[in-house]
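FYI, the numbering just counts along the sequence from 1.
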Amino acid sequence: MEEKKIDIQSIIGFILIGGILLWMLYNNTPEETESVNPTTTTEQVEEGDQRSQISNTENNSSPVQSDSTSLADAQRRLGAFGYSETLASAQGGTTTISNDVLELKISNKGGYIEEARLKNFKTYDSLPVHIIKDGNASLNMKFSTTDGRTLNTENLYFEPQLTESNGNQILSMKLKVSENEYLEYRYAMRPGEYMLDFSVRSQGLTGVLNTAETPVLDWKLKGYRHAKSISYENRYTDLIYEYDGGDDDSVSSGDDEDEDISYIAYRQHFFTSILLTDTPFQSSKFEVENLVDDEEVDTVFTKTFASTIPLDLKAGELNYDMNWYYGPNDYKILNDYDRNLDEIIPLGWGIFGWINKYLFIPFFAFLAGVLPSYGLAIIAMTIVVRIVLSPVTYKSYLSQAKMKILRPEINELNEKYKDNAMKKQQETMKLYSKAGASPMSGCLPALMQIPVFYALFQFFPSAFQLRQKSFLWADDLSSYDTIAELPFTIPFYGDHVSLFPILASIAIFIYMMMTTGQNMQAQQQPGMPNMKFLMYLSPIIMLVFFNNYASGLSLYYFTSNLITIGIMLVIKYAIIDEDKIHAKIQENKKKPKKQNKFTKKFQDMMEQAQEQQKNQKR
């Protein structure tokens, strides 16, 4: 019989296999883990974020922890709403709804939007445009219960249920007291829309909510910086609200309070968050805080917005139909909703806003549709505006020509009555009246251009179409152009050099030389402004003030003044004949001139004042 020998290699193999089995058994021992909603169909892992995200859920409200101890503990802390802490949604998570323009992530905790991303836009540094991200916004409802508790929804867990109907995504977020008793936030997103339906309602909470205490909705947001110039962006960042069925007001800094509120908008320069309601809020308090202490320091946020909104209980329940808007400040998009949202865009008040809405916006949209670039559209629009205003320019230049011709006679009167200012003024007015000239006739045409000037001043910084559109050396017509970066910061000027403001300043200087230079001596009368000083001041203001403004605006002023100079040269050398004007003035002086009531009354007042002076001297 063969003697059995010990197989050392087999023993070693069995030991190794046994060790591996023991290791596997040890590592697969069940541990206490967080329960996962078994109805979740898709989980996504975001970059740098390992939290699971619910993309589709079914209505399943069976408590994960069914033992009475856990439920009793939750109810001790939260009362009837302790039930919500026993559901799977109490483990956290988000639900994503999106269309082709907007993506929203709604958190189970608080039931509000955790992230809002605009899909078709980038920031100045090529990052996705987020209106909400990393906790910069919150929506909290503070309410009291009949058992004496004060609860905040931002600390409670809502159960999500995502469905689809006729292409619309509908997300129901329920803060449950029981299976059929809850507070619900309901979101409905339509394809291609920045606006979504949002409703707040309760069911079966008449015995839970304390009707003696009004629920209060607190909505807060810290506006992300999206533009290259923080100071320029901050200038157009405000809280806008509509009240009394159509009136609107704004808060740039500090606080305010009003009644009968139909929408609240946290407007940033080119993007806005809006809460609209079909049932106006009886009252609301608003607060805006500027977060930019030093505009030279690179800043993440612009301003903090906060609104406090009491909600009315009807028969012990809540029922509000509202909307959220997260999108661009595009006039056409906002105006198409027909809810007065176009007032959010700062187009100017009164006639200035009217000119922008009904003339410049549609005309510019037409030009931008037929021309290959927005820069050319600005130039074409400027040409048309200057041609339309050329009769006004003609009237102004004609008045200046008359004043130039009368200058020798005015100088004679100044010398003759240098010791009698009132008599000098009286005789000067007579000369103007006989010659059919007046220094005011040159000012009135200029005043007529102010509505157009101011309307365009408001239009270009607010034109969303110009955002990130390049032209020549400017890479963004909605922001400043840069031809040189400075190693230091010049107060009021900045740390860069923009070329369009330089060109506009040069054009303004030439224009001022042509308009004020020829009448410089005549204008230097007592009480009149120093025109020489103004001639140098205006280009300097343009150079400094517009260095941080939108390059599209500077392009307009440069083109406008260039065209005006050309029109004035044509008027001077091809249309106006100064010899003929002089002959006509001399002819007018010979004719008896019937004074109008104003001139006659003014002259009578001057004569009376002169008579009083003589009496006083006696």
Next item on the list: Could you tell me whether a side-chain N or O of E114 sits under 3.5 Å from a main-chain N or O of A137, the two making a donor and an acceptor?
Entry: no
Margin query: Please give me the minimum heavy-atom distance between G348 and Y454, naming the atom from each residue.
Written below: CA-CE2, 4.4 Å
Item checked: All ring pair (Phe, Tyr, Trp, His ring centres under 6.0 Å) counterparts of Y236, not counting sequence neighbours -> Y232, H269
Margin query: Under the criterion side-chain contact (heavy atoms from CB on, under 4.5 Å), I'd like the reasoning laid out for I344 against I274: C-alpha separation, chi angles, the key distance, then a yes or no.
Written below: CA-CA 10 Å; I344 292 171; I274 312 173; 3.4 Å; yes
Note to self: Which heavy atom of P461 sits nearest to which heavy atom of F457, and what is that distance?
What the structure shows: CD-O, 3.0 Å
Item checked: No-hydrogen, no-angle side-chain donor-acceptor test under 3.5 Å, D238 and S250 -> no
Margin query: Taking ring pair (Phe, Tyr, Trp, His ring centres under 6.0 Å) as the definition, give me every residue that meets it alongside F464, ordered by chain and number, with sequence neighbours left out.
Written below: F121, F270, F271
Item checked: Flag, side chain of S470 to backbone of A474, donor-acceptor distance under 3.5 Å -> no
Notebook entry, point to check: For E242 and S262, what are the C-alpha separation, side-chain angles and deciding distance, and is it a side chain to side chain donor-acceptor pair (under 3.5 Å)?
Noted result: CA-CA 6 Å; E242 184 185 62; S262 47; 2.4 Å; yes
Checklist line | Residue pairs involving residues 376-389 (criterion side-chain hydrogen bond (donor to acceptor under 3.5 Å, both in side chains); sequence neighbours excluded) | finding: R386-Q449, R386-T564
Checklist line | Gap separating the OG1 atom of T299 from the CD1 atom of I230, nearest 0.5 angstrom | finding: 5.0 Å
Checklist line | Gap separating the NZ atom of K142 from the CD atom of E154, nearest 0.5 angstrom | finding: 10.5 Å
Notebook entry, point to check: Is K222 close enough and on-axis enough to F301, meaning under 6.0 Å and within 45°, for cation-pi?
Noted result: yes
Check: Can you find a pair of side-chain heavy atoms, one from K285 and one from D256, that are under 4.5 Å apart?
Finding: no
Note to self: If I take atom OG1 from residue T95 and atom CG from residue N108, how far apart are they, to the nearest 0.5 angstrom?
What the structure shows: 5.5 Å
Check: Between Q465 and Y331, does any side-chain donor sit less than 3.5 Å from a side-chain acceptor?
Finding: no
Item checked: More than 12 heavy atoms from other groups under 6.0 Å of NZ on K220 -> no
Check: So how far is it from S107 OG to L139 CG, rounded to the nearest 0.5 Å?
Finding: 12.0 Å
Notebook entry, point to check: Has the side chain of K303 got a donor or acceptor atom that lies under 3.5 Å from a matching backbone atom of S252?
Noted result: yes
Next item on the list: Could you pull out the closest heavy-atom pair between I345 and R267, with the gap in Å?
Entry: C-NH1, 4.4 Å
Notebook entry, point to check: Hey, does the side chain of S554 reach the backbone of S551 with a donor-acceptor pair shorter than 3.5 angstrom?
Noted result: no
Check: Can you check whether H496 reaches N547 side chain to side chain, under 4.5 Å on heavy atoms?
Finding: yes
Margin query: List the residues meeting side chain to side chain contact (heavy atoms under 4.5 Å, CB included) with D197, not counting sequence neighbours, and say none if there are none.
Written below: A188, R190, N323
Next item on the list: Flag yes if more than 12 heavy atoms outside D125 fall under 6.0 Å of its CG atom; otherwise flag no.
Entry: yes
Next item on the list: Just say parallel, tilted or perpendicular for the rings of F286 and Y241, cut-offs at 30° and 60°.
Entry: parallel
Checklist line | Any residue meeting ring pair (Phe, Tyr, Trp, His ring centres under 6.0 Å) with F545, in chain and number order, not counting sequence neighbours | finding: Y549
Next item on the list: State which residue, out of Y112, Y266, Y185, Y263, fulfils the ring-ring contact (aromatic ring centres under 6.0 Å, His included) condition with W324.
Entry: Y112
Check: So do F305 and V251 actually touch side chain to side chain, heavy atoms under 4.5 Å?
Finding: no
Next item on the list: Check I333 against P328 and note the closest heavy-atom contact, atom names and distance.
Entry: CD1-CG, 4.0 Å
Checklist line | Flag side-chain contact, heavy atom, 4.5 Å: S284 against S307 | finding: no
Margin query: What's the separation between atom CG in D249 and atom CG in L239, rounded to the nearest 0.5 Å?
Written below: 9.5 Å
Next item on the list: Sequence neighbours left out, what pairs pass side-chain hydrogen bond (donor to acceptor under 3.5 Å, both in side chains) with at least one residue falling in residues 472-483?
Entry: W473-D481, D476-S478
Item checked: Heavy-atom side-chain contact between Y326 and T272 under 4.5 Å -> no
Next item on the list: Check step by step if side-chain contact (heavy atoms from CB on, under 4.5 Å) holds for E233 and Y124.
Entry: CA-CA 12 Å; E233 183 173 15; Y124 72 100; over 6 Å; no
Checklist line | Closest approach of T302 to N290 (non-hydrogen atoms, all atoms of both residues) | finding: O-OD1, 3.5 Å
Margin query: Can you classify the ring geometry of F471 versus F500 as parallel (below 30°), tilted (30 to 60°) or perpendicular (above 60°)?
Written below: parallel
Next item on the list: Would you mind reporting whether L477 and I378 have side-chain heavy atoms less than 4.5 Å apart?
Entry: yes
Notebook entry, point to check: Is the number of heavy atoms from other residues, nucleotides or ligands under 6.0 Å of L376 CG greater than 12?
Noted result: yes
Check: Hey, does T96 have a side-chain heavy atom less than 4.5 Å from the side chain of L104?
Finding: no
Note to self: Show, in sequence, the C-alpha distance, side-chain angles and deciding distance for N340 and D248, and conclude whether the side chain to side chain donor-acceptor pair (under 3.5 Å) test is met.
What the structure shows: CA-CA 9 Å; N340 207 31; D248 59 271; 4.7 Å; no
Check: What are the two closest non-hydrogen atoms of D100 and P191, and how far apart are they?
Finding: OD1-C, 4.2 Å
Notebook entry, point to check: Does any non-hydrogen side-chain atom of M141 lie less than 4.5 Å from one of N152?
Noted result: no
Next item on the list: For the pair Y557 and M542, evaluate side-chain contact (heavy atoms from CB on, under 4.5 Å) and give the outcome as yes or no after the intermediate values.
Entry: CA-CA 9 Å; Y557 285 129; M542 168 63 73; 3.8 Å; yes
Note to self: Test side chain to side chain donor-acceptor pair (under 3.5 Å) on D218 and T308; report intermediate values, then the result.
What the structure shows: CA-CA 5 Å; D218 287 315; T308 303; 3.2 Å; yes
Item checked: Backbone N/O of G353 and side chain of N356: donor-acceptor pair under 3.5 Å -> no
Check: Got a salt bridge between D342 and K357, using NZ or NE/NH1/NH2 to carboxylate O under 4.0 Å?
Finding: yes
Checklist line | Pairing of R117 and E103 as salt bridge, 4.0 angstrom limit | finding: yes
Item checked: E287 (side chain) donor-acceptor with G254 (main chain) under 3.5 angstrom -> no
Margin query: Can you tell me how far apart CD1 (I383) and CG (L562) are? Round to the nearest 0.5 Å.
Written below: 10.0 Å
Margin query: Under the criterion side-chain contact (heavy atoms from CB on, under 4.5 Å), I'd like the reasoning laid out for I502 against V497: C-alpha separation, chi angles, the key distance, then a yes or no.
Written below: CA-CA 9 Å; I502 294 175; V497 177; 3.7 Å; yes
Next item on the list: Look at atom NZ of K119 and say whether more than 12 heavy atoms of other residues, nucleotides or ligands are closer to it than 6.0 Å.
Entry: yes
Notebook entry, point to check: Checking ring-ring contact (aromatic ring centres under 6.0 Å, His included) for the pair F363/Y358: CA distance, chi angles, key distance, verdict?
Noted result: CA-CA 9 Å; F363 183 54; Y358 301 108; over 10 Å; no
Notebook entry, point to check: Between the main-chain N or O of K469 and the side-chain N or O of R467, is there a donor-acceptor pair closer than 3.5 Å?
Noted result: no
